[in-house]
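Below you'll find the structure, written out as structure tokens, and then a few comments.
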Amino acid sequence: MGCSASMYAVGKRKKTCIPEVVVYVPSMRIPAQSDLQRPLRGLILQDLVDRLACLRNQIVLVAEDTGGSAVAELRRALEEYLPLLIGLTKKEHGLEGLVEFNWKNLEDGRLQENSVANSWFELLSVIHMIAMLNLSEANSLMIPKDHSGSGIRVVSSDCKRDSVDLLLKASGCLVFCVREIMAHLPPDIKKKFSEVFQDGVLEAISIQALGQGTEIQLGLAVESQKASLSVKRRLACEQLIYFGQAYHCLSESSNTSNMHGKKHLCFIKWKFLEAKAAAYYYHGLILDKGTEPACHVTAVCCFLAADGLLSESKKACLTFCLTTPVTRSPPLWGAMKHLHQKIPEVAARKSQMYGYLLEEEKALQAPPDLPDFQLSLAPDDYLLPEIDSAWDCNKCEIQSQPLKEHPKDSEDDTETE
């Protein structure tokens, strides 16, 4: 019976789970096993070496065991690891290039870099992982589980605001990576980077996070009776600008030649088209309040443009979902839940109402330029924590004792025999 049960278990087809995407999270990278003990032994206090190795191994185990889903536990471990890691980057300690750090792609386990012996690379990877965890949590908050069985899923306003906060934090982490860490990495190290750290990619994700934060804010404005048309138009136009900038950054990078880069570019294109449709719709509603015939003609052009862009966005959404790795889009939410119905209705009604004016004013049938607005969302400032006080103790200890000669491999082998 035991054998037959085993055979049955092996023969069972694994259930495929297609993830749902509201907030796009690029492929997660996690640390792989690395030897910190051997290169650091005798150069810093053993307690410090043990703490560094223990915390990093804890992150590796939790990430591998949970598939990166234990966001709070991983973030807490990373934040505990950072103050110790910072000590390895200090020039006065002379330890920057001693440890070879390994990282891998969580989805397929493939090493994304050869072993990179640079502590600034490790710092870059840790803060990047914190950013990805923030994006992952923001996505989870926007995908509620329906426990009622009604099929109706409601995301609370608090969850939406918390998601915006997480998006701003993620954006701030990525800006810090670009501005404060990249400069410390020599060109020969950068050549070993995976695609996620290539020029333009981190910037694209950072700007995209601001665009998605604005998308959520627009959804909140649509649900609010107090929000004016001007506010909704401004948010839609800002969202359009963010996704336009993100698309430009990513399309200029070399990352679009790989699977995840293509998927990422499809997502930004989809969101860009949705934002442009919303911007033209709200711009049309404002223009339609004018009393001159030209106002109504221009408004109809906006509505027709919005309707065409909405159709394009639906195709772009399907392309994104089917692009490897396959994902599924959530039920309509936020502003699009409202606009998928309103845009076609208003475009049809207004074009019939003012069709005779369109015939008379053929020169005005091209949609007008959208207004330009100053962007309101900005990344949260990310600040590194203070260096762990153990490094001060290490300095005092090293100064009070002759520095032990770095052990040779043969000595290590003798001790472990």
Side-chain angles (χ1 to χ4, degrees), residues 22 142 157 160-161 163-164 167-168 207-248 268-314 316-317 332-351 353-354 357-358 361 364-378:
V22 174
M142 295 299 293
S157 296
K160 292 175 183 177
R161 293 189 183 94
S163 292
V164 173
L167 288 163
L168 298 184
I207 298 169
Q208 169 207 309
L210 300 178
Q212 295 214 254
T214 308
E215 179 185 16
I216 296 171
Q217 288 185 330
L218 177 58
L220 289 167
V222 169
E223 294 170 1
S224 171
Q225 296 181 346
K226 297 180 180 179
S228 65
L229 283 177
S230 296
V231 168
K232 295 170 187 175
R233 179 181 64 175
R234 178 180 61 79
L235 288 170
C237 287
E238 287 185 26
Q239 183 186 341
L240 175 63
I241 294 170
Y242 283 126
F243 283 117
Q245 291 176 350
Y247 188 88
H248 175 74
I268 295 177
K269 183 179 179 180
W270 165 34
K271 290 300 171 180
F272 175 85
L273 291 169
E274 281 191 343
K276 197 168 186 178
Y280 268 120
Y281 174 73
Y282 288 117
H283 190 46
L285 291 180
I286 291 174
L287 292 174
D288 200 39
K289 291 182 178 292
T291 55
E292 297 295 324
C295 296
H296 301 307
V297 171
T298 309
V300 172
C301 292
C302 288
F303 296 138
L304 292 174
D307 193 34
L309 288 162
L310 186 64
S311 297
E312 287 186 53
S313 75
K314 293 176 183 178
C317 174
L332 291 173
W333 64 278
M336 282 298 121
K337 184 177 182 180
H338 171 73
L339 296 182
H340 266 244
Q341 178 182 352
K342 295 297 292 183
I343 288 176
E345 287 181 0
V346 172
R349 187 173 73 251
K350 293 294 183 178
S351 59
M353 188 181 300
Y354 299 115
L357 291 175
L358 283 173
E361 303 286 345
L364 294 175
Q365 288 187 3
D369 291 335
L370 291 165
D372 197 13
F373 293 95
Q374 185 175 355
L375 299 174
S376 54
L377 279 188

query = Are the side chain of Y281 and the backbone N or O of D307 linked by a donor-acceptor pair below 3.5 Å?
reply = no
task = Might you work through the side-chain contact (heavy atoms from CB on, under 4.5 Å) test for F373 and R233, ending with a clear yes or no?
result = CA-CA 10 Å; F373 293 95; R233 179 181 64 175; 4.1 Å; yes
key: Test item: V297 and Y354 side chains (from C-beta on) under 4.5 Å apart, heavy atoms   = no
message = With side chain to side chain contact (heavy atoms under 4.5 Å, CB included) as the test, pick out the partner of C302 among I286, L285, L287, D288.
response = L287
task = For K269, look at atom NZ and say whether over 12 heavy atoms of other residues, nucleotides or ligands are found less than 6.0 Å away.
result = no
query = Do Q208 and Y242 have side-chain heavy atoms sitting under 4.5 Å apart?
reply = no
key: Verdict with supporting geometry, M142 and Q212, side-chain contact (heavy atoms from CB on, under 4.5 Å)   = CA-CA 11 Å; M142 295 299 293; Q212 295 214 254; over 6 Å; no
query = For L220, does its backbone N or O pair with a side-chain atom of S224 as donor and acceptor, under 3.5 Å?
reply = no
ask   = To the nearest 0.5 Å, what is the distance between CD (Q217) and NZ (K160)?
value = 12.0 Å
ask   = For the residue pair V300 and K350, what are the closest heavy atoms and their distance?
value = CG2-O, 3.6 Å
request  = Check whether any side-chain N or O of Y280 sits under 3.5 Å from a backbone N or O of L309 as a donor-acceptor pair, and report yes or no.
outcome  = no
task = Could you tell me which non-hydrogen atom of S376 sits nearest to which non-hydrogen atom of E238, and how far apart they are?
result = OG-OE1, 2.7 Å
request  = Write down the atom of L370, the atom of C237, and the distance for their closest heavy-atom approach.
outcome  = CB-SG, 4.4 Å
Any L210 side-chain heavy atom under 4.5 Å of L375 side chain = no
request  = With rounding to the nearest 0.5 Å, note down the distance linking NZ in K271 to OG1 in T214.
outcome  = 12.5 Å
ask   = Which value, rounded to the nearest 0.5 Å, describes the distance between Q239 atom CD and E274 atom CD?
value = 7.5 Å
ask   = Is any side-chain heavy atom of L310 closer than 4.5 Å to a side-chain heavy atom of K314?
value = yes
key: Shortest non-hydrogen contact from A236 toward Y282   = CB-CD1, 4.5 Å
request  = Nearest 0.5 Å please: distance from the SG atom of C301 over to the NE2 atom of H283.
outcome  = 11.0 Å
note = Nearest heavy-atom contact between G284 and F303 is C-CZ, 3.5 Å
inquiry  = For the CZ atom of F272 and the CD atom of Q245, what is their distance to the nearest 0.5 Å?
reply    = 11.0 Å
ask   = For S311, what residues pass the side-chain hydrogen bond (donor to acceptor under 3.5 Å, both in side chains) criterion, not counting sequence neighbours?
value = none
ask   = Step by step, would you call I207 with H248 a side-chain contact (heavy atoms from CB on, under 4.5 Å)?
value = CA-CA 11 Å; I207 298 169; H248 175 74; over 6 Å; no
key: Euclidean distance, R234 CZ relative to S228 OG, rounded to 0.5 Å   = 8.5 Å
ask   = Which atom names give the shortest non-hydrogen contact between I343 and A277, and what distance separates them?
value = CD1-O, 4.0 Å
task = Walk me through it: do L167 and I216 pass the test side-chain contact (heavy atoms from CB on, under 4.5 Å)?
result = CA-CA 10 Å; L167 288 163; I216 296 171; 3.9 Å; yes
